[in-house]
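Scope of the values below: all heavy atoms of this structure, side chains included, with no hydrogens, waters or symmetry mates. In each ligand, atom 1 is the first atom listed, and ligand 1 is the first ligand listed.
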Amino acid sequence: MTRLKPVAPPAVRWITRTLEEGGFETWTVGGAVRDALLGLPSGDWDLATRATPARMQRLFRRTVPIGVEHGTVGILARDGTMYEVTTFRRDVETDGRHAVVSFADTIEEDLARRDFTINAVAWHATREVFRDPYEGRSDLETRRLRTVGAPADRFREDYLRILRALRFAGRFGLTIEEGTWEAIGPLLPGLPGLSAERIREELLKVLGQDRMPSTALDLYAESGALAVLYPELDAVRAGPAWKHVLAAVDRLPPSRPYLRLAALLRPLAQSEAAALLVRLRLSNVLTDEIAHRAGAVPLPDADAPEVEVRRWLARHGPARLGPVARLELARARAHADLGGQPDRSPKAVVAAWRRARAVRRSRPPLTVGDLVIGGTELKRLGLRPGPHFGRILDGLLGRVLEEPELNRPEALLAEARRLAREAGADV
Ligand code: ATP
Ligand code: MG
């Protein structure tokens with residue numbers, strides 16, 4: 001059994017002491033305890049207590065009512081951190097979409113409603129003892145993921161637990177215990193009943209993982225969850241691109257989950273990627289951005305004519321250069337890792353990126369708005385406003401992208417006259 005002991009921050013011990021002096025048993029539970037036992041830096045230290053929210057609010061001066069109906073109060077410590085403290089709870093009834101809970105009297109009841117044994121280890125921050133009725137520590141040691149209680153029941157109570165199993169197994173390199181794994185397949189039809197938000201947040205957590213998200217994504221695929229939730233991606237998995245896509249996702253930093261999402265969606269048609277994002281109820285802005293990045297055309301090679309770079313910048317927007325180049329670089333590196341014939345070496349991508357940055361730095365006109373003449377000037381030429389204005393301005397931009405020096409009033413007016421005459425206007 002692991003000899004590692006969680007070291008709770010002083011504020012956690014202070015909260016524990018204060019609650020216990022008030023007569024309320026208090027434990028730390030969940031992710032922070034688990035991570036400490038794995039020797040990883042602990043994230044949020046969550047506490048579970050016998051005290052009700054009202055009691056907590058009386059015992060502490062600075063509190064935030066985060067989810068009082070669910071028993072959760074935020075306690076602001078002197079170190080400036082807010083700790084979530086939740087009244088012991090037990091599952092009372094479930095609908096598969098979330099577990100419905102009520103307050104409970106003991107830590108044991110609270111641990112019984114938790115999803116996996118590794119997440120159901122309680123640590124007493126001041127007495128420094130464990131409460132580990134499901135042997136989560138031993139499972140951590142042997143790298144096993146198991147549900148607390150009968151897997152099929154626990155998954156049916158809240159189908160999100162299936163996705164959480166895949167995520168935790170991937171994140172910590174755990175083997176999903178046979179019974180738990182076997183319960184997943186038949187229950188997959190319950191997944192689409194979850195809200196889009198919960199499915200999305202799960203996927204984003206997978207993509208925000210420090211360790212390779214590919215492990216969890218492969219488990220999505222193997223378990224069949226991918227086919228149920230993301231059939232478009234399951235089709236990719238059937239082909240040779242999948243390995244490369246996952247390697248590219250891994251190559252991107254965990255701090256950029258949306259960029260990783262774009263890498264994952266890369267093999268899809270842009271409309272298909274957009275449809276998937278809409279289904280996940282991502283905001284319109286994010287949907288556009290991610291789909292656009294996923295479907296961006298490759299950067300022109302470093303030795304391509306400069307006009308191609310300007311056209312690329314005009315088409316995708318100069319702000320997309322960084323993200324798209326990062327995506328291309330991740331793909332090129334993934335190809336290099338896996339062997340095979342890459343479209344372009346990482347070095348060539350870096351060179352293309354550097355070159356495009358230099359072009360961008362020279363601030364060439366890239367949009368109709370950047371042109372020195374506009375509708376007003378066209379009217380002064382005697383042209384009547386109408387849809388052809390847009391066509392003329394687009395034509396001017398096309399010329400200016402070829403030759404940025406043309407972006408002077410006289411030159412553009414002459415060009416505008418020519419374009420207008422071509423279109424049959426009398427100017
Ligand atoms: P992470 O590092 O991803 O935040 P975590 O274990 O802290 O991991 P949370 O989603 O923050 O995960 O939940 C905190 C704890 O609450 C879990 O460790 C688990 O004990 C319990 N829990 C969370 N979601 C569920 C669920 N759907 N069913 C049962 N227990 C859950
Ligand atoms: Mg957490």
Side-chain angles (χ1 to χ4, degrees), residues 6 8 12 27-49 66-67 70-72 74 81-102 104 107-123 130-137 139-140 145-172 174 180 183-184 187 190-191 193-195 197-211 213 215-216 254 257:
V12 169
W27 295 79
T28 56
V29 207
V33 177
R34 178 199 64 217
D35 294 350
L37 289 170
L38 286 166
L40 301 171
S42 295
D44 303 333
W45 287 85
D46 297 327
L47 293 97
T49 181
I66 299 181
H70 306 115
T72 305
T81 314
M82 196 176 64
Y83 293 90
E84 286 190 18
V85 189
T86 306
T87 311
F88 294 153
R89 296 179 297 184
R90 73 166 83 91
D91 280 358
V92 278
E93 125 198 16
T94 52
D95 58 3
R97 285 168 67 84
H98 4 76
V100 183
V101 294
S102 75
I107 182 69
E108 280 76 13
E109 288 173 277
D110 190 85
L111 294 177
R113 69 157 182 98
R114 292 178 184 266
D115 46 8
F116 306 108
T117 62
I118 61 163
N119 288 344
V121 181
W123 167 249
F130 287 105
R131 196 59 61 84
D132 183 17
Y134 304 102
E135 300 182 353
R137 282 176 299 165
D139 284 343
L140 280 172
L145 188 92
R146 260 188 322 138
T147 50
V148 166
D153 296 344
R154 301 313 311 284
F155 289 145
R156 239 182 262 117
E157 284 165 5
D158 179 0
Y159 288 101
L160 193 76
R161 290 172 186 159
I162 293 176
L163 301 182
R164 288 172 61 87
L166 307 175
R167 168 160 66 89
F168 287 123
R171 174 161 158 211
F172 301 119
L174 312 175
T180 301
I184 291 179
L187 295 174
L191 288 177
L194 293 166
S195 74
E197 287 75 9
R198 291 185 91 204
I199 295 171
R200 175 189 71 216
E201 289 313 302
E202 257 311 309
L203 181 63
L204 288 173
K205 280 184 185 173
V206 167
L207 293 172
Q209 233 162 251
D210 278 342
R211 292 235 338 214
T215 318

So which protein heavy atom does [atom] come closest to, and at what separation?
atom	answer
atom 21 (C) of ligand 1	Arg114 NH1, 3.6 Å
atom 26 (C) of ligand 1	Arg161 NE, 3.8 Å
atom 14 (C) of ligand 1	Asp46 OD2, 4.3 Å
atom 12 (O) of ligand 1	Arg164 NH2, 3.5 Å
atom 19 (C) of ligand 1	Asp115 OD1, 3.6 Å

Number the atoms of ligand 1 from 1 as they appear, then name those within less than 4.0 Å of a heavy atom of [X], with their elements.
X	value
Gly30	18 (O)
Arg113	29 (C), 30 (N)
Arg171	1 (P), 2 (O), 3 (O)

Heavy-atom pair with the smallest gap, counting every atom of [X] and [Y]:
X	Y	value
Trp45	Ala8	CH2-CA, 3.7 Å
Leu174	Ile118	CD1-CD1, 3.7 Å
Val121	Arg137	CG2-N, 4.0 Å
Ala120	Pro133	O-CD, 4.5 Å

Ion pair check, [X] and [Y], cut-off under 4.0 Å:
X	Y	answer
Arg154	Asp91	yes
Arg131	Asp110	no
Glu201	Arg198	no

Check: Would you say atom 8 (O) of ligand 1 touches the protein, meaning some protein heavy atom is under 4.0 Å from it?
Finding: yes
Next item on the list: With atom 27 (N) of ligand 1 as the reference point, say which of Leu111, Val33, Asp158 has the nearest heavy atom.
Entry: Asp158
Check: N/O to N/O below 3.5 Å, does that happen between Arg34 and ligand 1?
Finding: yes
Next item on the list: Indicate yes or no: does an N/O atom of Asn119 lie under 3.5 Å from an N/O atom of ligand 1?
Entry: yes
Margin query: Tell me the contacting part of Phe168 for ligand 1: side chain, backbone, both, or neither, using a 4.0 Å heavy-atom threshold, strictly below.
Written below: side chain
Next item on the list: Determine whether any heavy atom of Glu157 lies closer than 4.0 Å to an atom of ligand 1.
Entry: no
Notebook entry, point to check: Looking at side-chain heavy atoms only, is the closest gap between Phe116 and Asp139 below 4.5 Å?
Noted result: no
Check: Can you tell if the side chain of Leu37 reaches within under 4.5 Å of the side chain of Phe130, non-hydrogen atoms only?
Finding: yes
